[in-house]
Structures are given as structure tokens and as C-alpha cells.
**Student:** 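Attaching a single structure in C-alpha cells format; questions to follow.
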Amino acid sequence: MYRAVPAQVDLPALEHEVLAMWDDEDVFAESVRQAEGRPLWVFYEGPPTANGTPGTHHVEARVFKDVFPRYRTMKGYYVPRSAGWDCHGLPVELAVEKELGFTGKQDIEEYGVAEFNAKCRESVLRHVDEFTDMTRRMGYWVDFDGAYWTMDKDYVQSVWWSLKQIFDKGLLSQDHRVAPYCPRCGTGLSDHELAQGYETVVDPSVYVRFPVRADEDLAKRHPGLSLLVWTTTPWTLVSNTAVAVKPDATYAVVRTADGETLLVAEELAPALFGEDHTVLETFPGTALERVRYERPFDYVDIPDAHFILLADYVTTDDGTGLVHQAPAFGADDLVTCRRYDLPVVNPVRPDGHFASDVPVVGDMFFKKADETLIADLEQRGLMFRHVPYEHAYPHCWRCHTPLIYYAQPSWYIRTTARKEQLLAENENTNWFPDTIKWGRYGDWLTNNVDWALSRNRYWGTPLPIWRCPDDHLVAVGSLAELSELAGRDVTDTDPHRPYVDDITIPCPTCGAEAHRVPEVIDGWYDSGSMPFAALGYPHRNADAFAQQFPADFICEAIDQTRGWFYTLMAVNTLVFDQSSYRNVVCLGHILDEDGRKMSKHLGNVLAPIPLMDEHGADALRWFMLASGSPWQARRVGHTAIADVVRKTLLTYWNTVSFQSLYARTAGWEPAAGAPAPADRPVIDRWVLSEAQQMAHEVDLALESFDTQRAGRLLSSFVDDLSNWYVRRSRRRFWDGDPAALATLHEALRTVTLCLAPFTPFISERVWQDLFRPTEADAPRSVHLAPWPAWRPELVDEQLSAQMDLVRRLVELGRAARATATVRTRQPLRRALVSAPGWSALPDDLRGQIAEELNVLTLESLGEESAGLVDVSAKANFRSLGRRYAKQTPLVAEAIAAADPAGLATALRSGGTVTIEVPEVGSVEITDEDVVVTETPREGWAVVTEGGESVALDLKIDEELRRAGVARELVRALQEGRKTAGLEVSDRILVRWATDDPDIVRTINDHRDLIAAEVLASSFEEGDGEGSTIETDLPVTLVIQRA
RNA sequence: GGGCCUAUAGCUCAGUUUGGUUAGAGCGCUUCCCUGAUAAGGAAGAGGUCGGUGGUUCAAGUCCACCUAGGCCCA
């Protein structure tokens, strides 16, 4: 026996019960365990940074990470899934610094690295709990007990091992380069970190005069000549070393309206000076090489410098075509200046402040110096123009400090050396959506630059390289290896700073004492190592790794193209010569209701747990999976989610509740048996066929990671089931018809299983209420059940098409009633139908139309009513166009001109008609080529669409009218039953009283029908106890429970 | 400056792969209908230059080119 399913449901409360049940019965673990030995389907969880509170965008990715493993499990795969936590890195350090009130590295050093790292570890553990709560609440099944932590000792040693592989391949090296650097955090940033931190800022844009030295020939020809140099970083002018020009551009000496003489690229002169200037002389950039000038500031000593040099990268798109060179602060500048053997002078300290001994700007933060320097240039008359300039400038993605491009020593992984291989691996990867593969991600790979791996920080995987005073380097792959090198057992050491820093080894090359280099590594390398490091490979779990590499599926949001998607591919391709994932689903971002990014700043962040406790996790999940396109940025808000509940979840729930109500009322059990599907009424066969098709197509959609399509299929099936199958079959349920009950049971079983991966809570509850109690061998959870078996013998495509026709005809009939303003409750004598396929429609289906439209008979419009109709014929371009292409309009014209009635008659019998078309000749027309529309003439309500017509006979005689009144009485009584709070199976006593002879006659004529409809065991004239029914008819009705 | 995505009803979005002559749904609004599961359902109405221009084609929301605007990413 089914459990009773109330019509009203509190979804969030239901979900909490289901969560408790999963815990009690250990369902998730069992779903994995019972699949052991089956084919593996490998999923990798991208570790969230255990820092800060999870947001609704975390729910998005996690819904997708859940739905496909659940689906694959149902399809018979073994899908183990471990949680993972990204523990290291600047975000954690920053959070701890903030807690402790620190402002920089010096505070950390004073506090003690060991103590600071202990705080970091503590902070990670704290934040992981919040993620765990959110993850459980949303029903994301992932194994927390087997979670990997990037700070675990074994994890760190696996990372070390992989770095040693890369070092041994000659791909890990130290280099001095100009790279983005955060002066606050005191560390360089990798390119994927840089990518996350561009902010639009207003910087000064300055055009500065650099006077050409008086002893230069050029200055002799043009006394008072200055170079006009443009920069948006005035603070770098202190270190001006040279000026670069484009060798193949044309430069001009220009006299301005003010009579001043300036040197700029010729094509930029109009933009700079307007039309009012005179070009005195032009020459190519090459002619300017080594022309000396007076530098703007002489605060620091830069020997043998300050002349013009040539560089191809200079453009004449904007600025002046003369580019200021400060090799310590620009990657291009460094390369160019080195070619001319110029010194690299850097007056800025690692903390971003000018050195104390620099005049004027000493100890000033680099950005702050702009103002002072500009004032000075203006005072000395060197400033030509000074305007604010809005542009995107990189900032530290965590602390928002403007970055400085800064020459610094750093460790690099030479990913550029393996670029071709990375591109080849990308070739073998399936991206969803596939545009990412060649677009955003492919583009990123094509423009790959070496990976700046090291960080001058504390809480991270220490770079496992030991160096002796003679710069011999050793890479170490584990603590065991380190013990051997050190000559003592250090395997119990925490591999983090500062402990590992204290271990020294004799240099294997020269025997001198070697120390570990001070850097830790980029946290993104940790997460990219997770395929092997999560298992502690190669130090253990070699077999498991062999099986679980690469992944069949990973999924994150689009910001990870340069994050995890990249590091995962890069690390594993470098170490194993193979990428670590085959299919990658790449989601769009989540925006607020107004289309803005969610940020604490705007106060528009939706906290996930309250959101789920209001609407339910299923609703949020369904929204993420099926509402809009997952690849696109989407707006999330309460209305959109409430809509999911109302539209899909409650419709499903109410169908379940309906089934439970009538099955229980009838005492029906699924085991009681029912006619074989083939022997059931046609509407049953139809819904079973639809269910099969739906399950099959949802299967295919999920196979190709298309949850949106799957969702559409599911919700439209739920709608069909509730608003067509149940609606049309209600009476059979009241009677406890086993065929109907069995059919709905089977249809609900199919849809419940298909919904399980999407909405695991409500489907679990339905499983517990309907299926677990009534099937002897039912799994104890829907999530332990297999995907519905494909039963093609139940599919009937012809029936499906016929039902579509029926539903279209019903629509036309309703529209006809509306135009005639005859309400549906009033029976009509007959309806006439004209539609292709009508004659083949089984009587059962015709009956559905008649009942739905409340007409006594249905007739074909063509058969006996020839005189009543107007016939028109229209060309079907789709079929004609294929044959006649260019001549289609001519043929169409000829069809329109032909006698439509004759055409229709000939074509209806399946024949063909030959018509003569000018310029084309004889054309043979079949019924496919023509849309025939028949329209009745007078006294009829007709609606026609696409060649299908329904006409209602509007004549209402006394008999029909009274039948209508009877039906009105029935409706009023039913309404009364409901208001009185009666159960649907309760019998009632009815008393009626009226002065209206017409009502008396109606009741006398229809007494049995009315009594049967409202379950009245007595239906008598007179007064009685009970509830009085409200009705617009002149009659008093009183009902009472029998 | 480059790459990618997006542009369809007041709002949120389908439809574009495979071109076919009345472009759909939901929400909201108006009117009506139906109700023995439903916080439902149905019909009609108002509401569309399918971002713009040009092209290909007998035929373009759909294919092509260019442009505009917005978003994301890179420089």
C-alpha cells in the first residue's frame, strides 16, 4: 500500500527529513559501494579554496558536479568521488593577516612563521566546515572522509615529486624577469592570478618634454627641440634610462602654434597638435638612434644612458611614438635596454616604496609619487600635457593593491617549451560548450607564457629545491629522499615552512652545505596536481592512480579556464605527457536579479543556505540545471526559483498525491496486477509511450552533458502527465480502474527515476511513499535504483502523433467556444472536424475530444456537409520548394488559382492532381504539397489553423439547455462538497427546493446522473440539515454527509 | 588592439545546428472558461523593425559579411 501523500507540501522540511534518512541509512556510501567492480567513471572535484564563506555561485558548479555522477551511477558505473580542499596560498594568509591586524610581511616575520602557519591551518579547518554544511544541504554527494587536503603531508610530497620530474626535464628554472608584483603582499603574481585582478582606474596620462642635448646635430638644426614622450606611469620617469622609437615609422620635427619645436611620430602629430602646426623635417626612426637627450629627473645615478634606441614593439597607435624606457619596470623595456647594454636601475624597494636615499620621493609609495613628480615637471616647464586617463590596470586579486611590474628573481616552469604538446592535449579534450576549446581556452594556450611558479610567502608548498653556495641545485621528491640526502631521518618533519627550511644537506655535487631556497609555490600548482597528489602517488596508491587517470568529467565555472582547467592540464601534461581530463563542462557565471555580478560590495549576495531553506535545494538545483543556458551568465533571484517550485516540482508532487489518494481509496496495490499495456485504453498506451521516449531522450541529453534539454523534456512530460493524462482520465481513477492506476504508477516510476539526479530530495520522498512500500525488491533509496530500462516495445510514434492532433483539435474547439461565448459546461449537439489524419483517428481518441469539448457527436466536415463549407487551398512551400526551387512562387500561384474544392476532393482520396503552370509546365501535386482548409458557413463557430478546422454547431435546444443546467447543478454541488471539507469518497444526502418549474423538470430528467456524479445516496425534494450550497440558479441545495 | 559570448514580447528565456511564408513559452496585465488532485489548467486580447545595414536565396529570426551595444577574458 502506498503511503498517504498530502496535497500540500513543505519542500524544505521534506528535504531535511530526506537528509536525515540518507544519513541514517548511509545511502551515498552504499550507492558507491554497490557499484564496485563496475566500469569506472572518473570525476575530479576541483578543490574550493577553503577561505571565506561559500556563495550561491559555489552551488552552481556543485549541482553539475553532482548530477552527472548520480546519473552515471544509475547507468551502472562506479563513480567514487572525493571532496578536496585547496588549503594553501595568499587568500588564506591574507585572511589570517587581517584577523591578526597585520599590514605586511614584516609583521609575520616578527610573529613567527611557525605560529603564523599554524593560524593558517586553523583558518582552513574553520572554513571547510562552512563548505561542508552548504554541500550537505544542497544534496551534493561527495566523500568528505576521503577528502584530499593540499596541505596534507602526503599531498605535499606528491607535489614535490612532480616538481622534481619537471626539474629533471629541465623545465624548472630561476630567472630574473620583469613580472607583476604585489608590493603589499611582497610577492610576484602568476599570469592566471594577474588575469583575475584587472580594475579600471584613472591614472595620470602625461606628455613630457625631454630636451635634445644641445650638442646633437638635430638640436643644432632645430634649437630648443624636445622629444615628446608619453607615459601613464609618471613614477617610472625617475628611472628613465632611454627612449625607444619604432625604426620603420616616420618621425617629424614639428613647430606648434605656440612656436615650440617638438619631435613626434608624424602620423600622431594631428592628434597631438591639431591642424595648426608645421612639419619642419621628417626622417625614419632609424635616423634617431643614439640621439642623446636631457632626462626628466636626476635623482638616481644611471650611467651611460639617456639616448634614443630602436624597438619594433613601439606603436604609433596612440601616445607620441616615443616610448619612455625604465627597464626595471617593463618586460619589453628590459629586453630592449639589455640589447643596448644599459644598466637596470631600480630605486623602488620590494615593499613598493622608493629607497630612502632618493631625493624628493624617498620613502614614498610608488603610486603616491606620481603627484609630486607631476608638480615638479610642471614647475620646471617640462610638462606638455597632463590629462586623466581611464584604463584597465592590474591589481592584486586579493588585496587590490595596484601591481608594479618589477624586475625580480623568480622560479619559472617553462610551459612555453611544451606549448605544442598542450595544444595537442587540448585537441583531445571535449569542451562543453565547445566554443571554449578554440576560443577562450585555445587562445590562452596559444599565447602561453612561462608559469611564474614561486611566491615569496609562508603558507604554501615549499619549493623543494636545495642550493649550495656554488649554486648547485637538487630537487627533492619526498621526505624519505630528503632523509637520505640529509643523512638523518626527517620523515616525521612537517614539510611546511619553517620546519623544512631548517633541514640542510651536503651538496651532492660539491659537498658544501645546501639550504632550501626560500620560496613557496603558487597554490594553483597544488590544485593542478590533484589527480595524483590526492592519492599520494607515486609514494602509494599506484594501482588506484592507474585506474583513475585521466578523469572522464570535470566541471567548474568559466573563470577556471586560466585557473584550474589550465593548471590541471599543464601539470599533468608536463609530468605524465597526458592531460588529466576528457570532458570538461564550463559554466557561465551567476548574476543577481538585475544582471550584476554578486559581490559583498554591492550587498547583492544570495547566501545559499537561507535560499535553500526558503525554496528548497531541489528548486535551486533545478534552476541551475534547466533554467536558461548553463554556459551563459544567468540571473538568480527569488522569483525565478519560486517559479521552478510552482511550475515543475508542485505539478509533479500533486500528480503523486493524486495517485496516492485514489489508489488508497480504491485499495489498489501495484502487485494486484493490471491488464498488459497493449490491452489498456489508448490514452494509457500513449502516456507509457511518452514516458519511454522521455526517459530515452533525457538519457541521451545527459550523455552529452545537456541538462537544459533534459530539464525541458522532464518538465514537459510532467506537464503532459498532469494536465493531459490525469485530467482526461480522472473518472477512471474515481472508479479505481486498475489499468489507469497501473499506468500512472508506471509513468510516475519512470519520471521519478529520471528526476532523481536533478531533484534528489523530492524524488527520494516519492520513492519512499509510492515505490519502496509496494515493490518487494525495491532498493531502499531511489538513488540505489538503476536508470529506467529502455522498452522500445512500448513506444508508439503513430499514437504520439495522433494524440498531438487530438490536443490541437481540442485547442481549436476551445477557441471556437470562446469566440461564440458558449461556455464549456453547456453541451452542444455536434462538432465538425476537418484535418489530415482525422479519418485514421481511433474512436477512443475522438471520444477524448468530444468529452473535452462537451459535444455529443463529432463528425467529419468533408463527408456529408459539402454544401456547408468553403474550401481554400494554399501551397506548402516546404515541400514544393524542395522540388521547384526558383519556380516555387509560380506553382504556388497556380495552386491558389485552381478550384480548391475539386483539388481537395481529389487529394483527400490519396490521388494526385496535375495542373498546368505557366513557364513550368505540368506539375503533379500530392496532398503533401497543399494545405487544404475547410470553413463552414453560417450558424457555426469555426476556428482553423494550419489546415485543421473545428466547427461547433451552436444550436441549443431545450434538451441541451437543460443538460447544461444539470451540469451546473453538479458543479455547484461539487464545489459545496469541497467547501464542506468532505473526502472525495464520502457519500452525501442532498435536499433541494425551488419555485422554478424548469429546474424541477431538469432535476427530474437528470436526477440519476446528478446523484451519481456527486456521490449522493439520496437526492430528494424538501428541507434538511446540512450545508447550504451557493449557486446562481434559482434553487436551494443542502448537503449532508451520509 | 585581439579572442570569445550575448542581443527575439514590459521582464526572464526557447527557437537558429538542418532556411519554408501566422516567431513561441513562462511571469505580469485585461476578459472569459474549466475545476472530484493541483499554490493548478484552458481560450482570447494587448504587447515583436527577431540589435542595425548589406548580401546569398524563389524564400532569412535561422546562412554570409560588416557595423552597433552589452558582458567575460586577454593586451
Side-chain angles (χ1 to χ4, degrees), chain A residues 5-9 191 194-196 198 315 317-318 391-392 394 433 435-436 438-444 446-447 558-559 561-562 588-589 591 593 595-597 627-629 631-635 637 639-640 642-647 649-662 708-709 712 715-716 719 722-724 726-727 730-731 733-734 810-819 821-826 852 854 874-882 884-892 931 943 945-946 970-971 973-975 977-978 982-986 1013-1015:
Chain A
V5 178
Q8 309 290 317
V9 63
D191 286 84
L194 184 70
Q196 300 180 41
Y198 274 82
T315 71
D317 295 339
D318 50 15
H391 65 145
T435 49
I436 305 279
W438 293 115
R440 191 173 285 222
Y441 188 73
D443 193 45
W444 162 255
T446 308
N447 297 313
I558 192 164
D559 52 297
T561 40
R562 285 159 175 78
H589 280 127
L591 307 172
E593 263 177 318
R596 295 172 308 176
K597 215 168 159 172
S627 196
S629 170
W631 327 131
Q632 271 166 244
R634 287 181 294 170
R635 302 176 180 199
T639 8
D643 218 45
V644 167
V645 173
R646 211 168 37 78
K647 202 69 201 135
L649 301 183
L650 289 183
T651 308
Y652 166 68
W653 179 262
N654 283 316
T655 309
V656 169
S657 166
F658 177 90
Q659 168 76 351
S660 165
L661 176 65
Y662 287 103
Q708 188 188 16
R709 181 175 152 67
R712 253 208 311 276
S715 56
S716 99
D719 189 65
S722 169
N723 289 318
W724 188 251
V726 171
R727 174 188 166 81
R730 272 192 287 224
R731 280 165 189 276
F733 287 88
W734 306 342
V810 165
E811 250 177 64
L812 293 173
R814 285 190 190 130
R817 273 197 177 261
T819 33
T821 60
V822 179
R823 53 187 185 181
T824 315
R825 220 174 291 148
Q826 174 61 58
E852 191 67 18
N854 198 14
K874 212 168 88 175
N876 178 359
F877 279 80
R878 192 187 272 272
S879 85
L880 288 172
R882 228 169 270 136
Y884 296 104
K886 214 170 219 172
Q887 295 167 323
T888 310
L890 294 171
V891 180
V931 179
V943 173
E945 190 166 318
V970 169
R971 199 201 63 78
L973 285 162
Q974 301 291 26
E975 190 67 35
R977 288 182 57 114
K978 202 172 178 181
L982 299 182
E983 296 294 322
V984 294
S985 55
D986 287 339
E1013 283 289 296
V1014 303
L1015 299 185

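Letters A, B, ... mirror the listed sequences (proteins, then strands); counts begin at 1.
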**Student:** Taking the same atom, P, in B:C33 and in B:A25, what whole-Å distance lies between them?
**Tutor:** 22 Å

**Student:** I'd like to know whether A:V645 forms a side-chain contact (heavy atoms from CB on, under 4.5 Å) with A:L650, so could you lay out the CA-CA distance, the side-chain angles of the two residues, the decisive distance to 0.1 Å, and finally the verdict.
**Tutor:** CA-CA 6 Å; A:V645 173; A:L650 289 183; 3.9 Å; yes

**Student:** Would you say B:C58 has OP1 or OP2 under 4.0 Å from some side-chain N or O of A:Y884?
**Tutor:**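 Negative; the distance criterion is not met.
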
**Student:** What integer number of Å spans the P atoms of B:C4 and B:C67?
**Tutor:**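 It works out to 13 Å between them.
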
**Student:** Are A:W734 and B:G36 stacked, counting the six-membered base ring, centres under 5.5 Å, planes under 30°?
**Tutor:**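 Stack criterion met.
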
**Student:** Between B:U49 and B:C11, how many Å separate the two P atoms, rounded to a whole number?
**Tutor:**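 The answer is 11 Å between these two P atoms.
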
**Student:** For A:Q974 and for A:N876, find the nucleotide of RNA chain B with the closest heavy atom, then tell me which residue's nucleotide is more 5'.
**Tutor:** A:N876

**Student:** Whom does B:C72 pair with, Watson-Crick or G-U wobble, provided both distances fall under 3.5 Å?
**Tutor:**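 B:G3 is the nucleotide pairing with B:C72.
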
**Student:** Can you tell me the distance, in whole Å, between the CH2 atom of A:W631 and the C1' atom of B:G71?
**Tutor:**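 Taking atom C1' of B:G71 as the reference, CH2 of A:W631 is at 19 Å.
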
**Student:** Please state the P separation for the pair B:C66 and B:G19 - nearest whole angstrom.
**Tutor:**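 Result for the P pair: 22 Å, nearest Å.
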
**Student:** For the atom pair CG (A:L890) and CG (A:L880), what is the distance rounded to the nearest 0.5 Å?
**Tutor:**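 Going from the CG atom of A:L890 to the CG atom of A:L880 covers 11.5 Å.
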
**Student:** Could you tell me whether A:R977 contacts a base, only the sugar-phosphate backbone, or nothing, with contacts defined as non-hydrogen atoms closer than 4.0 Å?
**Tutor:**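 Touches nothing.
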
**Student:** Could you tell me the separation between the CZ atom of A:R727 and the C1' atom of B:A40, rounded to a whole number of Å?
**Tutor:** 11 Å

**Student:** If I pick the C1' atom on B:U6 and the same atom on B:A59, what distance separates them, to the nearest angstrom?
**Tutor:**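 Looking at atom C1' only, B:A59 and B:U6 are 28 Å apart.
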
**Student:** Counting side-chain heavy atoms from C-beta on, which of B:A43, B:C58, B:A14 comes nearest to A:R814?
**Tutor:**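 Nearest to the side-chain atoms of A:R814, counting from C-beta on, is B:A43.
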
**Student:** I want to confirm an ordering. Mapping A:K886 and A:L880 to their closest nucleotides on RNA chain B, which one lands closer to the 5' end?
**Tutor:** A:L880

**Student:** Return the nearest nucleotide to the side chain of A:E811; candidates are B:U35, B:A37, B:A43.
**Tutor:** B:A43

**Student:** Consider the side chain of A:N723, meaning its heavy atoms from C-beta on, and name the nucleotide among B:A39, B:A14, B:U38 that approaches it most closely.
**Tutor:** B:U38

**Student:** Tell me the partner of B:A65, counting only Watson-Crick (N1-N3 plus N6-O4 or O6-N4) or G-U wobble (N1-O2 and O6-N3) with both under 3.5 Å; none if nothing fits.
**Tutor:**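 In the structure as shown, B:A65 has B:U53 as its Watson-Crick or wobble partner.
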
**Student:** Check whether any side-chain N or O of A:R878 sits under 4.0 Å from OP1 or OP2 of B:G20, and answer yes or no.
**Tutor:** yes

**Student:** Please work out if A:S722 contacts a base, only the sugar-phosphate, or nothing of the nucleic acid, heavy-atom cut-off 4.0 Å.
**Tutor:** base

**Student:** Looking only at atom P, what distance separates B:C63 and B:C5, rounded to whole Å?
**Tutor:** 13 Å

**Student:** What nucleic acid atoms does A:L650 come within less than 4.0 Å of, heavy atoms only: base, sugar-phosphate, or nothing?
**Tutor:** base

**Student:** Does the pair A:E1013/A:R971 count as a salt bridge with the N-to-O cut at 4.0 Å?
**Tutor:** no

**Student:** Measure from CZ on A:R712 to P on B:C13 and round the result to the nearest Å.
**Tutor:** 14 Å

**Student:** Using a heavy-atom cut-off of under 4.0 Å over every strand shown, decide if A:E1013 touches base, sugar-phosphate, or nothing.
**Tutor:**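 Base contact - A:E1013 has a heavy atom under 4.0 Å of at least one base atom.
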
**Student:** State the CG-OG1 distance between A:N723 and A:T655, to the nearest 0.5 angstrom.
**Tutor:**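 Taking CG in A:N723 and OG1 in A:T655, the distance rounds to 7.5 Å.
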
**Student:** Could you state the atom-to-atom distance from CZ of A:F658 to P of B:A40 in whole Å?
**Tutor:** 19 Å

**Student:** Contact class for A:Q8 (heavy atom, under 4.0 Å): base, sugar-phosphate, or nothing?
**Tutor:** base

**Student:** Report yes if a side-chain nitrogen or oxygen of A:R730 is closer than 4.0 Å to either non-bridging phosphate oxygen (OP1 or OP2) of B:A37; otherwise report no.
**Tutor:** yes

**Student:** For a quick test of reading the model: is some side-chain N or O of A:R562 closer than 4.0 Å to OP1 or OP2 of B:C72?
**Tutor:**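 So the side chain of A:R562 is outside the cut-off, no N or O lying under 4.0 Å from OP1 or OP2 of B:C72.
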
**Student:** Within the structure shown, what part of the strands sits under 4.0 Å from A:V810 by heavy-atom distance: base, sugar-phosphate, or nothing?
**Tutor:** nothing

**Student:** Are any of A:R825's side-chain N or O atoms less than 4.0 Å away from OP1 or OP2 of B:C34?
**Tutor:**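 The answer is yes; a side-chain N or O of A:R825 sits under 4.0 Å from OP1 or OP2.
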
**Student:** Sticking with atom C1', work out how far B:A23 lies from B:C34, rounded to a whole angstrom.
**Tutor:** 29 Å

**Student:** In Watson-Crick or G-U wobble terms, both distances under 3.5 Å, what is the partner of B:U17?
**Tutor:**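 Matched B:U17 with nothing under the 3.5 Å cut-off.
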
**Student:** Please evaluate residues A:Q708 and A:W631 with respect to the criterion side-chain contact (heavy atoms from CB on, under 4.5 Å), reporting the C-alpha separation (whole Å), side-chain torsions for both, the decisive distance (0.1 Å), and the verdict.
**Tutor:** CA-CA 10 Å; A:Q708 188 188 16; A:W631 327 131; 5.8 Å; no

**Student:** Could you walk me through whether A:V970 and A:V1014 pass side-chain contact (heavy atoms from CB on, under 4.5 Å), step by step?
**Tutor:** CA-CA 7 Å; A:V970 169; A:V1014 303; 4.1 Å; yes

**Student:** Measure from CZ on A:R971 to P on B:C34 and round the result to the nearest Å.
**Tutor:**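 Distance check: A:R971 CZ to B:C34 P gives 7 Å.
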
**Student:** Start with the C-alpha gap between A:V5 and A:W653, add the side-chain angles, then the distance that decides, and say whether side-chain contact (heavy atoms from CB on, under 4.5 Å) holds.
**Tutor:** CA-CA 9 Å; A:V5 178; A:W653 179 262; 3.4 Å; yes

**Student:** Whom does B:G36 pair with, Watson-Crick or G-U wobble, provided both distances fall under 3.5 Å?
**Tutor:** none

**Student:** Rounded to the nearest 0.5 Å, what separation is found between the CG atom of A:N854 and the CZ atom of A:R825?
**Tutor:**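 Separation between the atoms: 10.0 Å.
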
**Student:** Taking the P atom of each, how far is B:U12 from B:G2, in whole Å?
**Tutor:** 30 Å

**Student:** Calculate the interatomic distance between A:Y441 atom OH and B:C4 atom C1'; express it in whole Å.
**Tutor:**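 Checked: the OH to C1' distance equals 16 Å.
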
**Student:** Checking contacts here: which listed nucleotide (B:U38, B:A14, B:G36) is nearest the side-chain heavy atoms of A:Y662?
**Tutor:** B:G36

**Student:** Can you check the A:D719 CG to B:A37 P distance for me, whole Å?
**Tutor:** 17 Å

**Student:** What is the nucleic acid contact for A:V9, judged by heavy atoms within less than 4.0 Å: base, sugar-phosphate only, or nothing?
**Tutor:** base

**Student:** Whole Å only: how far is the CG atom of A:L973 from the C1' atom of B:U35?
**Tutor:** 15 Å

